[in-house]
Amino acid sequence: MTTPTLDTAITPLTIGPFTLSSRLIVGTGKYESYEVMQHALDASGCSAVTVAVRRERLLDDQGRSLLDYLDLDKYTILPNTAGCFDATDAIRVARLGRDLLEQLGNPGADWVKLEVLGDRATLLPDPVGTLEACKELVADGFCVLCYSSDDPIMAVRLRDAGAASVMPAGSPIGSGRGIANPAAIRIIRDLLKDPEHGGDPNYPLVVDAGVGTPSDITIAMELGADGVLLNTGIAHATDAVAMATGMRLACDAGYYGYRAGRIGKKLYATASSPWSGVITSIPGE
Amino acid sequence: MAALTLPSSIVKIDVNNTPMDLQGPLTVADLLDVIGKAKTPCAVERNGTLVPWRTRSDVQVESGDSIEIVTLVGGG
């Protein structure tokens, strides 16, 4: 008989040299205001946030800066290579992001969320460019978190290329369609984390993109993901702070659900109350 | 005999696709100072190559250079 588990603490998420207290990584884009972003990030409980690298404004001195609204002592900044459509640009942007974060003294200088996109309409990753950039960035000392499609073989290739985490898309970026192919995420989980499939239980699998509502996160976590990265699902919700709260709770729910081990699905019912001692007549018996 | 002085010159460059004529000689650090970005967290490329932030005072800007200055913005 199994002894009841008393330790209900959620273990930290470890990715390369980074240990994150929350299993949610949240984006900083597209909020109604920086103030709403601050409250939403706080409500999500995240300890790592993604940012993008873009041209500095030369003429708009009145413009507010994202960095004025991020507590760099609280959050590990994860720079992305969003907007890059080939490996060369992604490597270039990753190095710019590292240089920026080194100046800021933020530990996020050492990692990057690698995105090499195929086209602007789908924002799906270009697998060839992603693999090429991953190899180069790993060789350059980066801890690379690879945004990928939900192709299990591609996930293995990226892991073998040195990616510190593979981050398959639940569905296209910003689509809010949730986990479009749960079977693919499950297979990726098996290949990356199950020793029977050559995986390592400690290898971090993070589902990235497509989250529209809290249950999407729960499903990802119940499939065995170690964490979820999202932005639009919170930022564009009618009430971003309330949604961030829901996302946090959903992540916890999915974490416990997977860890607990769900019951098998059956076609027919199984009574919860005992049949023995029943004082009524049972049809057919 | 007059002291030898380097002639000042106009340095014609592109900064974030904006043409600029600046008084030279100047380094990347000088450039950021001149355009008011010395205290702004940013990263700089000169002709497509990263200028590490610790070396900005050592790298000269020359006419014809294309300078890219980037910062961090919200993103997912």
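It should be emphasised that the depicted structure is a prediction, and the values quoted were computed from it without experimental measurement. Chain identifiers are assigned alphabetically (A, B, ...) following the order of the sequence lines, protein sequences preceding nucleic acid strands; residue numbering begins at 1 within each chain.
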- So, Glu115(A) side chain and Pro125(A) main chain: donor-acceptor pair closer than 3.5 Å or not? no
- Query: Does a sphere of radius 6.0 Å around CD in Glu32(A) hold more than 12 heavy atoms from other residues, nucleotides or ligands, not counting ones at 6.0 Å or beyond?
  - Reply: no
- Hey, which of Arg55(A), Met37(A), Arg92(A) has the most heavy atom pairs under 4.5 Å with chain B? Arg55(A)
- Item | Contact winner vs chain B - Arg98(A), Lys30(A), Gln103(A), heavy-atom pairs under 4.5 Å | Gln103(A)
- Message: Using a 4.5 angstrom heavy-atom cutoff, name the option from Thr49(B), Asn16(B), Ile69(B) with the most pairs to chain A.
- Response: Asn16(B)
- Query: Will you find, in the side chains of Asp216(A) and Thr213(A), an N or O donor that is under 3.5 Å from an N or O acceptor?
  - Reply: no
- Which portion of Val15(B) sits near chain A, non-hydrogen atoms under 4.5 angstrom: both
- Query: Between Leu72(B) and chain A, which part of the residue has a heavy atom less than 4.5 Å away: side chain, backbone, both or neither?
  - Reply: both
If we only count heavy atoms from C-beta on, is the [X] to [Y] side-chain gap below 4.5 Å?
| X | Y | answer |
| --- | --- | --- |
| Val228(A) | Arg23(A) | no |
| Ile13(B) | Leu31(B) | yes |
| Leu13(A) | Ser22(A) | no |

Side chain from CB out, backbone as N, CA, C, O: work out which of these in [X] comes under 4.5 Å of a heavy atom of chain B, or both, or neither.
| X | answer |
| --- | --- |
| Leu104(A) | side chain |
| Leu101(A) | side chain |
| Glu102(A) | both |
| Asp99(A) | both |

- Message: So if I apply the side-chain hydrogen bond (donor to acceptor under 3.5 Å, both in side chains) rule between Lys113(A) and each of Thr81(A), Asp208(A), Thr50(A), Asn80(A), which one comes out positive?
- Response: Asp208(A)
